[in-house]
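This report refers to the structure that appears directly beneath it.
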Amino acid sequence: MLKRLIYGSQAVEANPTNLRAILAASRTGNPKAGVTGALCLFEGVYMQYLEGDEGAVETLYARIETDARHRTPVVLDRTFIAVRQFPEWSMALLAPDDRIKAIMGLHGLRLPGTTTRDIAPDHAAAFFRALAATPNWMPL
Ligand SMILES: Cc1cc2nc3c(=O)[nH]c(=O)nc-3n(C[C@H](O)[C@H](O)[C@H](O)COP(=O)(O)O)c2cc1C
């Protein structure tokens, strides 16, 4: 069955080298596993959306969870889905501006002090969709 998993984590040394390595691993591994989704980095917080066969998503997440390039990952949403939302893999960086703050506010997050990781589980997928539709979403 198709499943989606969304988590947030605190980035550790989110420098270009690490980002490139994460992107390279994703580009190689995810198509083989039939996993698609998106990853964004915003104010030192990663938020990743993974979707695919349940086993493939859980296997991948078990690997990602223990990666030293981030810490304290929190699963925000883990749900069976009928169709994919991000059929193409992408990795994005979000430039913080008033538009992003407005979207965060709409989903119950107020800056400063809260991060994308504090999103309510039933808002996580819609929040991700809204972010991906902004010009701030810069696929890498
Ligand atoms: C925030 C973050 C997101 C990641 N996303 C993926 C991903 O989508 N796919 C992937 O294969 N690896 C991803 N990785 C890297 C994995 O944790 C792991 O390093 C990689 O899959 C290689 O695993 P291996 O050394 O066991 O082969 C991510 C790492 C981090 C820190």
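For ligands, and for the atoms within them, numbers begin at 1 and follow the listed sequence. Given the structure is predicted, the values throughout are model-derived calculations rather than measurements.
- Counting only heavy atoms of the protein, atom 1 (C) of ligand 1 lies nearest to Tyr7 OH, 3.4 Å.
- Tracing side-chain contacts under 4.5 Å through hydrophobic residues (I, L, V, M, F, W, Y), one never reaches Val45 starting from Phe127; they form parts of separate clusters.
- Of the protein's heavy atoms, Ile22 CG2, 3.6 Å lies nearest to atom 4 (C) of ligand 1.
- Distances shorter than 4.0 angstrom do not occur between any heavy atom of Tyr61 and any atom of ligand 1.
- The closest side-chain heavy-atom distance from Arg69 to Glu13 is not below 4.5 Å.
- Among all non-hydrogen protein atoms, the one lying nearest atom 23 (O) of ligand 1 is Arg63 NE, 3.2 Å.
- For Asn15, the CG atom counts as densely surrounded, since its 6.0 Å shell holds more than 12 non-hydrogen atoms of other residues, nucleotides or ligands.
- Residues Leu131 and Cys40 come closest through the heavy atom pair CD1-SG, 4.4 Å.
- Arg4 and Asp77 are joined by a salt bridge, as a carboxylate oxygen and a charged side-chain nitrogen come within less than 4.0 angstrom of each other.
- Proximity of Thr66 to ligand 1, defined as any heavy-atom pair under 4.0 Å, is not found for any part of the residue.
- Backbone and side-chain nitrogen or oxygen atoms of Tyr46 are examined, and none is located within less than 3.5 angstrom of a nitrogen or oxygen of ligand 1.
- Met138 and Leu19 fall within the same hydrophobic cluster, where Ile, Leu, Val, Met, Phe, Trp and Tyr residues are linked whenever their side-chain heavy atoms come under 4.5 Å apart, directly or through other members.
- Ile22 and Ser26 get closest at one heavy-atom pair: O-OG, 2.7 Å.
- For the 3.5 Å distance criterion, the side chains of Gln10 and Thr72 fail to qualify, holding no donor opposite an acceptor.
- Within a 4.0 Å radius of atom 17 (O) of ligand 1, the protein contributes at least one heavy atom.
- Atom numbering of ligand 1 starts at 1 in the shown order; those under 4.0 Å from a heavy atom of Asn30 are 7 (C), 8 (O), 9 (N), 10 (C), 11 (O).
- The shortest contact between atom 7 (C) of ligand 1 and any protein heavy atom is with Ser26 OG, 3.2 Å.
- Side-chain contact check for Arg129 versus Tyr49: every heavy-atom pair is 4.5 Å or farther apart.
- Among all non-hydrogen protein atoms, the one lying nearest atom 14 (N) of ligand 1 is Ile64 CG1, 3.9 Å.
- By heavy-atom distance, the residue among Arg71, His70, Gln48 lying nearest atom 3 (C) of ligand 1 is Gln48.
- Under a 4.0 Å criterion applied to the non-hydrogen atoms of Arg69, ligand 1 contributes the atoms 15 (C), 19 (O), 31 (C).
- Contacts between Asp67 and ligand 1, counted as non-hydrogen atom pairs separated by less than 4.0 Å, involve the side chain only.
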